[in-house]
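Below: the structure, in structure tokens.
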Amino acid sequence: MPNPWDTGSAVALEQMGFEALATTSAGCAWTLARADNNLVLDEALEHLRTIAEAVNVPVNADFEGGFADDPEQVAANVKLATATGIAGLSIEDSTGDAAEPLYAFDLAVDRVRAAREAIDESGTGVILTGRSEGFVAGRPDLDETTRRLQAYAEAGADCLYAPRIETADQVSAVVAAVSPKPVNLLINAPFMTVSEAASFGVRRISVGGTLARTAWAGFLQAAQEIADDGTFSRFQELPNVDARFGTREP
């Protein structure tokens, strides 16, 4: 379930045969010259609508932390997200506060439960993914991560996700902790293949902002060469992008 960051990248991934896609809040933010976690709610909703309308495959939304702290406001925002045409969304438990990087356990669970209730009330059938961000937010405690994921599953999350786990033992522990509910695995470095992840029981893989970073790498390296050296050596063996999109109508 790779992560496009705009309409073109979404359509290209669909054309390659991927059966589902996921948005990336980081990839979207970079198109606006901002760091990750700096979108506002209306921008995020518009981005979700744009990607969902561009393709005919299911789109899972990176909905960050629901753009609110309070469970009731999370629920209200989730209900807005369900109206954009997405097939799934995730709710994170990170706060953005370096001193307290994760929501208190009970509040974190209440936020997932509120998202579940909002989805149920929407009647859309959107899949809810509960994310525990300890390994992202500087709290890489596997026991606490699995405790939270189990609680999110009990609160109604359909899928569970602990981004930045990166060893076979960690993957196995997370899968076992929430079984039989499915686990999403983030692969943002070449530490595991699709077939290896499947052998550990992983049911879904996403890549976060890493495809977008790959595109940015090529752009920045080529532009920096021009700025520094006045040469254009990277302008070779480039794809025919028109050929990929040439048959699409406005």
Side-chain angles (χ1 to χ4, degrees), residues 1-64 67 77 80-90 92 124 126-127 129 131 159 161 163 184-190 193-194 197 204-227 231-250:
M1 191 179 70
N3 303 66
W5 59 95
D6 61 9
T7 297
S9 57
V11 171
L13 290 168
E14 180 185 34
Q15 290 177 341
M16 292 176 192
F18 289 101
E19 296 180 1
L21 305 175
T23 67
T24 160
S25 60
C28 178
W30 298 333
T31 68
L32 300 173
R34 298 182 207 155
D36 192 14
N37 299 309
N38 281 279
L39 297 177
V40 299
L41 176 62
D42 286 347
E43 291 170 335
L45 293 172
E46 180 59 28
H47 180 63
L48 299 184
R49 189 174 296 108
T50 297
I51 300 297
E53 291 177 352
V55 295
N56 295 311
V57 296
V59 173
N60 188 78
D62 176 352
F63 203 52
E64 303 189 35
F67 296 88
N77 295 344
L80 293 174
T82 65
T84 64
I86 57 170
L89 62 80
S90 57
E92 304 171 7
T124 58
V126 163
I127 293 171
T129 297
R131 291 177 52 152
C159 180
Y161 185 13
N184 184 97
L185 177 65
L186 172 69
I187 295 186
N188 63 349
T193 66
V194 171
R204 196 174 81 181
I205 291 172
S206 57
V207 300
T210 311
L211 278 176
R213 288 177 65 201
T214 301
W216 274 97
F219 163 71
L220 291 173
Q221 290 163 4
Q224 197 66 56
E225 178 192 345
I226 298 168
T231 56
F232 304 86
S233 67
R234 296 181 185 275
F235 287 10
Q236 302 179 79
E237 300 180 6
L238 299 177
N240 184 342
V241 182
D242 273 350
R244 178 166 294 279
F245 300 129
T247 59
R248 286 179 56 84
E249 297 180 357

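All values reported here derive from a predicted model rather than from experimental measurement. Counting from 1, the numbers follow the sequence of the chain as shown.
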With a 4.5 Å cut-off on side-chain heavy atoms, are [Y] and [X] touching?
X: Pro58; Y: Leu21; answer: no
X: Trp30; Y: Trp5; answer: no
X: Val207; Y: Asn3; answer: yes

Out of curiosity, [X] [atom1] to [Y] [atom2], how far, rounded to the nearest 0.5 Å?
X: Phe245; Y: Asn240; atom1: CZ; atom2: CG; value: 11.0 Å
X: Leu13; Y: Gln15; atom1: CG; atom2: CD; value: 9.5 Å
X: Ile187; Y: Ser206; atom1: CD1; atom2: OG; value: 9.0 Å
X: Glu92; Y: Asn37; atom1: CD; atom2: CG; value: 6.5 Å
X: Ile51; Y: Glu46; atom1: CD1; atom2: CD; value: 10.5 Å
X: Thr24; Y: Asp36; atom1: OG1; atom2: CG; value: 6.5 Å

Do you know the tightest heavy-atom contact between [X] and [Y]?
X: Asn184; Y: Cys159; answer: N-SG, 3.8 Å
X: Ala12; Y: Arg244; answer: CB-CD, 3.8 Å
X: Glu43; Y: Asn38; answer: OE1-O, 4.4 Å
X: Val11; Y: Ala54; answer: CG2-O, 3.7 Å
X: Asn60; Y: Leu89; answer: OD1-N, 3.3 Å
X: Gly27; Y: Ala212; answer: CA-CB, 4.1 Å

Listed by chain and number, what are the salt bridge (Lys or Arg N to Asp or Glu O under 4.0 Å) partners of Arg234, not counting sequence neighbours?
Glu225
Given Thr84 and Leu45, is the side chain to side chain contact (heavy atoms under 4.5 Å, CB included) satisfied, shown in steps?
CA-CA 7 Å; Thr84 64; Leu45 293 172; 4.2 Å; yes
Side-chain donor or acceptor of Asp62 paired with backbone N/O of Ser25 under 3.5 Å:
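Looks like yes, one N/O pair under 3.5 Å.
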Could you go through the side chain to side chain contact (heavy atoms under 4.5 Å, CB included) check for Leu39 and Cys28 one step at a time?
CA-CA 8 Å; Leu39 297 177; Cys28 178; 3.9 Å; yes
Phe235 vs Phe232 aromatic rings, parallel, tilted or perpendicular, using cut-offs 30° and 60°?
tilted
Mind jotting down which residue pairs meet the ring pair (Phe, Tyr, Trp, His ring centres under 6.0 Å) criterion with at least one end in residues 40-63? Sequence neighbours excluded, please.
Phe63-Phe67
Non-neighbouring partners of Phe18 that pass ring pair (Phe, Tyr, Trp, His ring centres under 6.0 Å), sequence neighbours left out
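Partners of Phe18 under the ring pair (Phe, Tyr, Trp, His ring centres under 6.0 Å) test: none.
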Yes or no on side chain to side chain contact (heavy atoms under 4.5 Å, CB included) for Thr23 and Val59, after CA distance, side-chain angles and deciding distance?
CA-CA 7 Å; Thr23 67; Val59 173; 3.9 Å; yes
Does CZ in Phe219 sit with more than 12 non-hydrogen atoms of other residues, nucleotides or ligands closer than 6.0 Å?
no
State whether the number of non-hydrogen atoms from other residues, nucleotides or ligands found under 6.0 Å of Arg49 atom CZ is greater than 12.
yes
